[in-house]
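What follows is one structure encoded as structure tokens, with my remarks underneath.
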Amino acid sequence: MNNPKLIREKYEETRDALVNKKTSLALIEDYKQRDELWRSEGIALDELRHQRKRLMPKGKPTSEQLESLKDTSEKIKVKQELVSELDKECQDLALSIPNVPDRSAPIGTSEDENVEVSKWGQLPDFKFVPKDHETLGVQLGMFDLKTAAKITGSRFVIYKNKGAKLERALINFMLDTHSKAGYEEILPPAIVHEDSMRGTGQLPKFAHDSFKIEETPYWLSPTAEVQVTNMERDNVIEEENLPRNYVAYAPCFRKEAGTYGKDIRGIFRQHQFNKVELVKFVTPETSMAELEKLTDHAETILRLLKLPYRKVSLCTGDLGFSAAKTYDLEVWFPSQEKYREISSCSNFLDFQARRALIRCRRTNNAQVEYLHTLNGSGLAVGRTFAAILENYQTNEGAIRVPDVLKSYLNLEIIKNEWE
RNA sequence: GGAGAGAUACCCAAGUGGCUUAAGGGGACGGUUUGCUAAACCGUUAGUGUUCGAAAGGGCAGCGAGGGUUCGAAUCCCUCUCUCUCCGCCA
């Protein structure tokens with residue numbers, strides 16, 4: 001949720017920034033109008049209540065007093081209903097207005113206008129036509145999509161043998177690396193309450209992206225961002241305890257509605273995938289610097305794995321609903337001759353904190369204010385798996401094990417057992 | 001799944017319709033006294049949300065959550081959530 005004062009006091013500026021993020025103008029105008037009405041009616045209601053308090057005698061009221069009390073209470077009741085309705089309308093509208101993009105986010109309408117910030121690594125120079133990760137993985141018996149489709153459905157995968165071990169090694173490697181960098185390790189529930197989904201902005205607008213568990217208020221979490229950010233929901237954190245840095249592994253579940261026909265090869269886009277997530281709670285003045293740090297920590301994984309990647313700054317039209325600024329990390333996929341997203345690192349400013357009521361208390365004056373939240377994938381494990389297969393393949397169709405994973409796997413190379 | 005007991009402020013806790021502006025205690029913080037510490041005594045302690053205000057400072061909400069009854073609800077009624085104890089089942 002945005003600070004309501006932004007729309008009240010800096011209306012033109014905020015409106016234009018939101019329109020850059022493809023927000024409907026009607027929605028913004030409607031909200032502004034409702035908000036004004038809600039405030040003026042709210043003031044009237046408070047005054048009536050104040051009046052009733054003054055009229056209230058200490059003991060039993062006389063019949064005369066009773067008359068005016070009844071009268072006031074009746075007015076309060078009517079006004080209360082109006083204000084409650086306006087309040088709900090404002091809340092609903094406010095919840096569907098996205099975060100205002102930061103000034104540093106490039107203005108644009110689609111991912112084509114994202115701006116490349118940096119590039120790292122040497123693209124592999126194969127002396128043969130590189131295979132895609134599905135071909136490699138299936139040949140090497142590392143995963144099985146057909147059987148997964150039988151037991152569950154499409155866009156699910158069974159990791160097997162060396163594949164299962166590689167997936168597990170990657171999770172451990174990522175957790176270990178981030179732990180050493182000072183992140184506190186979390187292993188959260190995979191299922192979350194709808195209140196948590198609302199806190200981080202997945203609800204109400206993006207209900208169609210996640211799986212709801214029937215007849216319960218529970219959802220399969222689409223990202224550990226939900227669990228970890230909501231750990232501090234309704235809390236006030238002392239400034240001296242900031243920043244709080246967490247790293248969490250969790251399976252993630254997404255409907256991927258509207259992606260039929262996209263990325264149908266392999267394990268790139270799945271309904272269930274593993275992800276290691278970084279989450280930070282920080283003071284407002286440090287959040288932009290913390291975004292740089294967080295992104296660098298995610299990049300560290302790619303550099304240690306020696307996977308070529310680039311970093312792009314998302315343009316306003318491509319920014320996620322809750323984000324004010326986002327860097328995507330894109331790893332090189334030789335079979336597609338493209339960089340593809342493997343991590344998304346965002347600064348939400350106080351947008352999530354305001355929804356989820358996460359605040360900090362300043363050390364010097366004990367003032368309470370909303371803090372800033374950030375998160376980023378560090379990294380999406382399945383996509384890292386796929387990128388390793390493609391970038392580390394040999395002309396015999398084997399996979400060289402990246403140096404940093406050798407101790408996790410006790411292997412130099414992954415190849416067919418019978419060779 | 002069954003039975004019972006709870007939820008009040010930082011903690012403990014009183015409170016069965018108006019005298020509650022939520023008692024009392026602990027802790028914390030500030031002060032007096034003091035060579036220092038402790039004790040004693042005095043004082044402060046409702047965080048938060050929201051709104052009005054340039055500010056100082058007001059108003060309103062709030063006793064697990066949401067509804068209801070009433071002129072008036074921590075208190076009465078309904079629904080829900082969570083915690084604890086016991087039984088059953090279970091990795």
Side-chain angles (χ1 to χ4, degrees), chain A residues 1-11 31-95 97 187-199 203-204 212-219 227 230-242 251 281 283-284 350-371:
Chain A
M1 195 150 24
N2 287 295
N3 186 344
K5 288 190 176 138
L6 281 178
I7 288 184
R8 286 179 204 157
E9 291 163 19
K10 293 184 179 169
Y11 179 65
Y31 170 76
K32 182 176 162 62
Q33 194 195 339
R34 294 280 142 182
D35 178 62
E36 274 164 17
L37 195 57
W38 170 73
R39 272 188 298 156
S40 61
E41 292 297 335
I43 291 165
L45 173 64
D46 284 357
E47 271 166 12
L48 281 169
R49 282 179 167 152
H50 184 51
Q51 189 186 331
R52 182 171 68 186
K53 274 193 178 178
R54 284 200 315 256
L55 288 170
M56 198 72 77
K58 290 235 163 165
K60 278 204 193 311
T62 64
S63 61
E64 215 172 285
Q65 286 172 323
L66 201 59
E67 276 311 302
S68 75
L69 281 171
K70 275 186 181 172
D71 183 55
T72 311
S73 285
E74 188 51 39
K75 283 184 191 156
I76 288 174
K77 200 175 180 184
V78 172
K79 191 67 82 179
Q80 169 77 68
E81 269 164 31
L82 175 64
V83 171
S84 302
E85 197 165 311
L86 285 169
D87 188 48
K88 193 181 177 310
E89 284 172 14
C90 281
Q91 288 295 320
D92 289 350
L93 289 172
L95 285 175
I97 297 175
L187 188 58
I191 292 174
V192 293
H193 196 275
E194 61 189 10
D195 292 346
S196 297
M197 294 281 280
R198 197 165 282 113
L203 290 180
K212 167 119 207 251
I213 300 176
E214 259 187 89
E215 290 170 17
T216 71
Y218 298 150
W219 295 73
Q227 290 97 313
N230 279 282
M231 290 198 313
E232 301 289 0
R233 178 150 47 95
D234 289 323
N235 283 351
V236 179
I237 307 176
E238 300 299 327
E239 183 182 357
E240 65 213 43
N241 294 330
L242 294 176
F281 299 89
T283 52
D350 64 359
F351 187 84
Q352 291 181 331
R354 202 172 278 282
R355 288 179 160 231
L357 222 63
I358 309 170
R359 295 142 296 170
C360 64
R361 191 189 316 278
R362 294 294 191 175
T363 307
N364 59 356
N365 59 4
Q367 286 293 304
V368 172
E369 60 185 283
Y370 290 109
L371 49 68

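Proteins get letters first, then strands, A, B, ... in listed order; numbering begins at 1 in each.
For A:I43, the listed nucleotide lying nearest its side chain is B:C52; candidates were B:C71, B:G49, B:C52. The nucleotide whose nearest atom lies closest to any side-chain atom of A:R39 is, among B:C52, B:C82, B:C60, B:C52. Comparing B:C82, B:G49, B:C52 by their closest approach to the side chain of A:Y218 singles out B:C82.
Here the OG1 atom belonging to A:T283 is positioned 5.5 Å from the CZ atom belonging to A:R362, to the nearest 0.5 angstrom. Taken to the nearest 0.5 Å, the OH atom of A:Y218 stands 10.0 Å off from the CD atom of A:E194.
The residue A:R361 sits close only to the backbone: its heavy atoms come under 4.0 Å of sugar-phosphate atoms, none of a base. Note on A:V236: nothing from the nucleic acid sits closer than 4.0 angstrom, heavy atoms only. Residue A:L66 is classed as a base contact, given a heavy-atom separation below 4.0 Å to a base.
OP1 or OP2 of B:C71 has not a single side-chain nitrogen or oxygen of A:K53 nearer than 4.0 Å. Phosphate contact (OP1/OP2 of B:G59, side-chain N/O of A:H50, threshold under 4.0 Å): absent. Side-chain N/O atoms of A:R49 include none lying less than 4.0 angstrom from OP1 or OP2 on B:G59.
With respect to A:L48, the side-chain contact (heavy atoms from CB on, under 4.5 Å) criterion is satisfied by exactly one of A:K79, A:Q80, A:K77: A:K79.
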